[in-house]
Amino acid sequence: MDNPASGPGASSSSSRKRRERDEQEETPPDTDATGHSLSLVQPFILQSQLYSSVDDRTQVDRELESLRREKVLRIFKLNTGQDDHAIMFVDDYLNQIERISKRMEGKKQYDVAVLEWFKIYVICSKLDPSIGHEELCTLLSMGGKVKDDHITLLINAGFLTRQLIDPTMYWFTIPNIGSVLKGLSQGRKELLSFLNRRKYKEMMLAPLEKKRLRLSPMDMRFHLRDLIGSGHLKTAKTPSGLLVR
């Protein structure tokens, strides 16, 4: 390892680095256009994004199913109006339950015990993306007496949402994901609209990746992988590199 520089410039350089570091530590977490913190959402990947990097989608589905059964991953149906699914590590999801539980503990109006029951008896045994009301109550009752308020708390905390077709069924959901889903939908429209306005409705991948979207907090690569994987965009190899159309 090189020795640190000496002389009058070294001290000013070191103070400048210290100041930059302090400024970075004071910077709030990434926020979306509405001011909501994106760091509240645990990391996930869209199933379409996985498809974008492989040729054999069936193999991806088989491996996802295997990891789901082994309780390594959870798959969530997203409320985007399309057949979108998010994939998250079970450990990350359990951590999110823990974080929200701790945040709510200080507020006496919440009976946060249900979050612990949800984590131990529901998440660890129910692997499907959805659950019926009766089964949910049966699993939760292994922790204690279930009240309507408990179900309401799980919905309000962002862990469940009622299905529109059958209100006795719930989708498991990722808390704080609303602003991300809004950015996902708007980013898709903006990117497709941008390409549609080009003369041949195509552009080289490398310069396209460097462009910024105005309506989405996610970067261009996030949306490109999503739209390529879902089949809305196609790629073609050219002597100059990959072309997106």
Worksheet entry | Evaluation steps, side chain to side chain contact (heavy atoms under 4.5 Å, CB included), between Leu227 and Val244 | CA-CA 10 Å; Leu227 289 168; Val244 178; over 6 Å; no
Sub-4.5 Å side-chain heavy-atom contact between [X] and [Y]:
| X | Y | answer |
| --- | --- | --- |
| Leu242 | Met204 | no |
| Asn176 | Gln96 | yes |
| Leu78 | Ile177 | yes |
| Val114 | Leu140 | yes |
| Leu94 | Val90 | yes |
| Leu154 | Leu115 | yes |
| Tyr51 | Arg225 | no |
| Val180 | Pro217 | no |

Does a donor on one side chain sit under 3.5 Å from an acceptor on the other, for [X] and [Y]?
| X | Y | value |
| --- | --- | --- |
| Tyr170 | Arg162 | yes |
| Gln47 | Asp84 | no |
| Asp166 | Thr168 | yes |
| Ser66 | Arg62 | no |

For [X], look at atom [atom1] and say whether over 12 heavy atoms of other residues, nucleotides or ligands are found less than 6.0 Å away.
| X | atom1 | value |
| --- | --- | --- |
| Gln59 | CD | yes |
| Asp56 | CG | yes |
| Phe89 | CZ | no |
| Asn156 | CG | yes |
| Asp148 | CG | no |

Quick one: pull up [atom1] in [X] and [atom2] in [Y] and give me the separation to the nearest 0.5 Å.
| X | Y | atom1 | atom2 | result |
| --- | --- | --- | --- | --- |
| Lys145 | Cys137 | NZ | SG | 12.5 Å |
| Ile123 | Ile120 | CD1 | CD1 | 11.5 Å |
| Leu224 | Thr235 | CG | OG1 | 10.5 Å |
| Met169 | Thr161 | CE | OG1 | 12.5 Å |
| Met218 | Leu184 | CE | CG | 5.0 Å |
| Leu195 | His232 | CG | NE2 | 13.0 Å |

Is there a path from [X] to [Y] through hydrophobic residues (I, L, V, M, F, W, Y) whose side chains come within less than 4.5 Å of each other?
| X | Y | value |
| --- | --- | --- |
| Val54 | Leu46 | no |
| Leu243 | Met203 | no |
| Leu136 | Ile75 | no |
| Met88 | Leu181 | yes |
| Val60 | Leu67 | yes |

Worksheet item: Relative to the ring of Phe222, is the ring of Phe44 parallel (under 30°), tilted (30 to 60°) or perpendicular (over 60°)?
Response: perpendicular
Looking at [Y] and [X], is any side-chain nitrogen of the basic one under 4.0 Å from a carboxylate oxygen of the acidic one?
| X | Y | value |
| --- | --- | --- |
| Lys119 | Glu116 | yes |
| Arg221 | Asp219 | yes |
| Arg68 | Asp128 | yes |

Give a yes or no answer on whether the side chain of [X] reaches the backbone of [Y] with a donor-acceptor pair at less than 3.5 Å.
| X | Y | answer |
| --- | --- | --- |
| Ser125 | Tyr121 | yes |
| His223 | Met220 | no |
| Lys71 | Cys124 | yes |
| Ser141 | Thr138 | yes |
| Ser101 | Glu98 | no |

On a heavy-atom basis, which atom in [X] and which in [Y] lie closest, and how many Å separate them?
| X | Y | result |
| --- | --- | --- |
| Leu160 | Thr173 | N-OG1, 3.1 Å |
| Asp226 | Ser48 | OD1-OG, 2.7 Å |
| Ser216 | Gly187 | CB-CA, 3.8 Å |
| Lys77 | Pro129 | N-CB, 4.4 Å |
| Ser130 | Trp171 | CB-CE3, 3.7 Å |
| Ile131 | Lys126 | CD1-CG, 3.9 Å |

Worksheet entry | Identified side-chain contact (heavy atoms from CB on, under 4.5 Å) counterpart of Gln186 within the set Glu190, Arg188, Lys189, Lys182 | Lys182
Practice prompt. List the steps and the verdict of side chain to side chain contact (heavy atoms under 4.5 Å, CB included) for Asp111 and Asp149.
Written response: CA-CA 8 Å; Asp111 183 359; Asp149 286 353; over 6 Å; no
Practice prompt. Scan for side-chain hydrogen bond (donor to acceptor under 3.5 Å, both in side chains) pairs involving residues 198-209, sequence neighbours excluded, and state none if there are none.
Written response: Glu202-Arg245
Practice prompt. State yes or no: are the ring centers of Phe172 and Phe159 separated by less than 6.0 Å?
Written response: no
